[in-house]
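We name chains A, B, ... by the order of the sequence lines, and we start the count at 1 in each one.
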Amino acid sequence: MSIQPILELKDVHSGYGSIKALKGISLKVMPGEIVAIIGANGAGKSTTLMTICGIIKAEKGEVLYQGKVINKISPEKLPVMGLCQVPEGRRIFPRLSVMENLRLGAFYRDDTDQIMKDIQHSYEMFPILGERKNQQGGTLSGGEQQMLAIARALMIKPKVLLLDEPSLGLAPIIVQQIFDIIAQINKKEGTTILLVEQNANLALQAASRGYVVETGEITLEDEAQSLLSNPKIREAYLGE
Amino acid sequence: MKKRILSIMAMGLILVPFLFATVSAKTLKIGSMSPLTGPYASDGTDIKNGVWTAIKVFEEAGGVPGYDKIEFFPQDTACDPRQAVAAANKLLNLGVVGVVGAYCSSSTIPSSEVLDEESIPMITPASTHQDVTDRGLEYMFRMCGRDDDQASAAAKFMKEALGAKTIFIVDDKTTYSQGLADGVEKACEKLGIKILGHEHVNQGDKDFSAILTMAKLKNADIFYMSLQGYSSAAMMTLQAKRLGLKSQIVTQDAVFQPKYMEVAKYASEGVYLTYGLTDPSTPEYKAFEERYVPKYGAIAAYATYAYDSATALLKAIKAAGSTEPAKIKAELMKLDYQGVAKHVKFRANGDSGSSYIAYKVVDDKFVPYWEPANGLIK
Amino acid sequence: MEYFIQQLINGITLGGMYALIALGYTMVYGVIQLINFAHGEFFAAGGYVGAIALAYFAGVGYMDSHPVICLTAAFMISMAYCAYLAIGVEKIAYKPLRKESRLAALLSALGMSIFLSNGMMLTQGVYDKVYPSELFQGRFDFGMVTLSYLQIMIVSLTACLLIGLNLLVFRTKIGMAMRATAQDKTMSALVAIGSNRIISLTFAIGAGLAAAAGIMYGLYYGSVRYDIGFVPGIKAFAAAVLGGIGNITGAMIGGLIIGMVEIFGAGYISSEYKDVFAFIILIAVLYFKPNGIMGENIDDTRV
Amino acid sequence: MIQEFKKVWKQYTIGMLWLLGLLWPMLGIHPDGTMTFQTTFTVWTYILAGSFVCLIIYVIKVSGSLKFFADPISRAAGNLKTTSTALPTWTWLAAGLIVALIYPQFAGRYGTDVAISVLLYICLGLGLNVVVGLAGMLDLGYIAFYGVGAYTYAILNTTYGLGFWICLPMSAFFACIAGCIVGYPTLRMRGDYLAIVTLGFGEIIRIILNNWMELTNGPNGILGIKPIGIFLPIFENGFTFEHFWMKKLQLFYYFALGLAIVAAICVYRLNFSRVGRAWESIREDETTAELMGVNTFIYKLLAYAMGAIFAGLAGAFFAARMRFVSPESFTFLESAMVLCMVVLGGMGSIPGIILGVAALIALPEVFREFESYRMLVFGATMVIMMLFRPAGLIPAKRVGTRSEEREG
């Protein structure tokens, strides 16, 4: 294998105080692919993403990004390197306007003209945000907030985008829209995407490969299509 | 880890009383109590310095026969009754034979009860409230004057020397300032000076613009300022002048501190205040000045009283030839000498008499201006 | 009527000073939900450094020739010093406790306040530090109403600082980052905002404003002392809460209200109970609007 | 060891340079237009030396070079702990009680006086613990109830001549009323809003005490309060009771001890009662508690009232001991001190509070030797203690986490 994985986890342990949420996660993400992590509530999916981003410090193991160990780097430096997350529950800044939320996405960038262009581009991609650009983030509906969160993440110009439960609490029609956008981002910009989802069906359909996490450990790893057809998975996560 | 911390702390706590209980026989122990922290720390520090100077002078003059040296224990009361009582008990434990202090009347009163129980003489250099000596405690003495004497002297001064017909009084709600302000109010009524207002501010206030505006509106002949501590008095003076208050400002002994002029600057010019007569031309004062000023700076209101208090105490002990309280008291009552601040002679109730005169601030100096007996000093 | 106008002028001057101090409380609270009890000490330290600087300038003799330059320099030095001090205090006393319960940080702040005020007492002495009062001595007299140059200077400078702060917080990228950090620290880290730096910056700005208030206090009242931070600190804290803690506009309004209530309470009802009026207004407002005048609905947080 | 040193030396150097920068303007610029470095450097060098020693100890400890020394100690501590848990709790309590009982026989007058203060503040601390530790409401004006209790006894005793034992329940009652008055409007508020409002109430009560001349004699305070009177049986001429004024410090000590023990037992019982559980639910999550059918209004008011009662009792005792009350004893700083005792010791834990009180009362007394440095050292100690033990010296055992301690 000559291609180096853009993101790699090697036996990562982490947790909240005395509670161990991850007990040795190892995974690889190749440049340009969409990888899904599926699992039940509390299996450690979100913790995995938070550990990658350095919000939670890994107690053991290594997180490699573009071949570099990043667990010792403070979290706010990672977006500059092109590693970016849309966290669970969107986490829009509720008392900042849509416009300001987007501009914060480009916080580390200094190229003002390009930023304004990118914001215009986001409005084209999500027309609803353009309509509401002066509204406070907290007053948007769930779907709009999700779009804003993704748009904000794209302002960082990420090489790897980590998406945490983008479908959570949204109407099915909106969920479909969001997943279309995700596919589009991957295709057009070539952004690598690591997707965490409870909705295994949707996630695996969008992804090329998938990991199954149970109680802090990876139990299964395969091509998305074969996971979808795996009877065990179908039983446990697809409700059949 | 936890256990270790606990055990160390417990040991510390147990050791504390023992540490302080050690007494060696050959030293004479004198204590002082004054606020060394908190808003009145400056006055408290003056008291401490005054007592220090007295002890140094006395030791150089030969000390007390039978004792190698005089040990001095200054205690902080922070002007808080609880800490004052703790300090008094601490001094008792140390085995002091006499105490100079305290500053705030509200500290002096409860702590003197503690000291009186063990018959330790206490001389206050600064608490002017009547109750300090009017409670009939046997071992309570006072070196400074009394509020009621000062009030009547002030009223007489305003009437006779300044020809006042109307007055506006402000106090800051402390035992000292309020007692004095009430006394002035009564004395003025007696002399026929009309009271146009008697307002209160609170301790720690810095902004007096509201009541100064009121005083300006009333435009009385006299603006009587009764504040504990020179600092707030200086601020009030400055603000009054800035606001264009035309009344004559009269104030009292707590302001007798050279720092007052430093803070109030041009505004202090022409302010009158009442203060016990201190004759700076006596050899005693000169001697004190020579020792005190190089070390601690300008002489302030309570340093002289503290010096006299400590000297009186030491003289009495020397004369008594023992540390027995009754004998010390007897000798204290016999004292009759010229001190730095005043002529020291105690009366039956422990007071040493008041000798209030009026001073005027001229060119950043307190200049004796008027005395009750002879009128204007020229 | 003249009496009323005079009291109004007094109230605005005092209220402006409270507003400046209250801003520091409210900004720090907004970002890390901590009542920074040491904030009053930054105010006092600002006053001290200003006094020291002005005395130094007077000593070298610049004061007579270029008073305005010296005063500006004193403001700059003192604001910089307090910002420097505040960053240090934050790193030592608050940062390690950020993950602990808020009461621990509160007590640490209280300890720091005691430490700083006593530290100032030990280094600067128990006596008042004097400000040169020759500056801005003049005044306008309109009948009974007096308006001193100093009051004009204080009110206009306060207004400038408040407007400047508003521009900084609501118009610049840094201000946006500050607001973002206040709302969600994790998320702001995910968009490359270093929350530690933003928190330091918040402390620095708050302390700088307090320092400016300290110098104005010194000029207005003639002197500063090591314990001046305490009472204005508490009043400013009340003002910050009254306006809705965490809200910058609220702190300005709260400061003005507290200052006005105090002056008018003292001028019209009773001067010894003036603090009572200030607190009663505070309690009444909070009773009907539990989040303060401008406060947003804060989360259900308790001790 | 070198490695550990490498890790911290940079921070240490920056910190020390920072300190130098902070010190110099305060010490080195003079009003006569000169600048010096000498004093600053001397002071700084002292601090540098002191902190360097601490740093070395820290480095040695972290690198584990201290093991040969620390291990036996920790093992011994472990053994001690196992024996201590092996022995039933009552033996420890009994031992503590015996020590407390014979203490005044050994301690001098000063020691007893400090001990009385400690016991009094234990009572106050336990009362505040009900409000802050159990019900989770931050109260910055607690000392006001103490003041109400003290003034109740002082006024009733000096104007109506009522004895201490009649006034004690009345002090508690009036303090309780005051608690309800303060509690009622504040119940709608949460978090720091509550803190400032209680602070405001505390200040209001203090200002009223200072200004209501007719009732409280204002700043002059009330003098001539009678100490506690007790009846002792006398067997000389038959059997009669004789009335004594308790003036001896030791008797006060025993009375204060009794008060503190009663308070400790009450708080202990409350903690494990139905009421205690209701408070706990309010503390952990008020909204949920309400949804679960806990009448939060009544229980929060009750917490205020209970806390105030303890303060009232302590206040009456304070007045009887000092025989003098004045508003200066009831300032905000006192409230803050009591709060510090509770938090420093460990909220909700009775032994913790006792230790916290002992530490905070004893510290300024121990540092009395340093005169004007004592408050400086005290403030620094407070910060350092919080940094090293943020949950208190003896934290209460607690199940689960609090809502605000979770991530976010």
| said: Which atoms of D/Ile361 are under 4.5 Å from chain B, going by heavy atoms: the side chain, the backbone, both sets, or neither? | reply: side chain
| note | When D/Tyr153, D/Tyr121, D/Tyr146 are each screened for side chain to side chain contact (heavy atoms under 4.5 Å, CB included) with D/Phe318, the one that passes is D/Tyr146
| field | Engaged part of B/Ser105 at the chain D interface, taking heavy atoms whose separation is under 4.5 Å | value | neither
| note | Turns out that what part of D/Asn211 lies under 4.5 Å from chain B's heavy atoms comes down to both
| said: Suppose the criterion is ring pair (Phe, Tyr, Trp, His ring centres under 6.0 Å): which pairs have a residue in residues 81-103 of chain B, not counting sequence neighbours? | reply: B/Tyr40-B/Tyr103, B/Tyr103-B/Tyr302
| task | Could you check whether the rings of D/Phe317 and D/Phe252 sit parallel, tilted or perpendicular, using 30° and 60° as the cut-offs? | result | perpendicular
| request: Measure D/Ser117 against the heavy atoms of chain B and call it side chain, backbone, both or neither at under 4.5 Å. | output: side chain
| said: Applying salt bridge (charged side-chain N to carboxylate O under 4.0 Å, His left out) as the test, list every pair that has at least one member in residues 104-116 of chain B; sequence neighbours left out. | reply: B/Glu113-B/Arg135, B/Glu113-D/Arg323
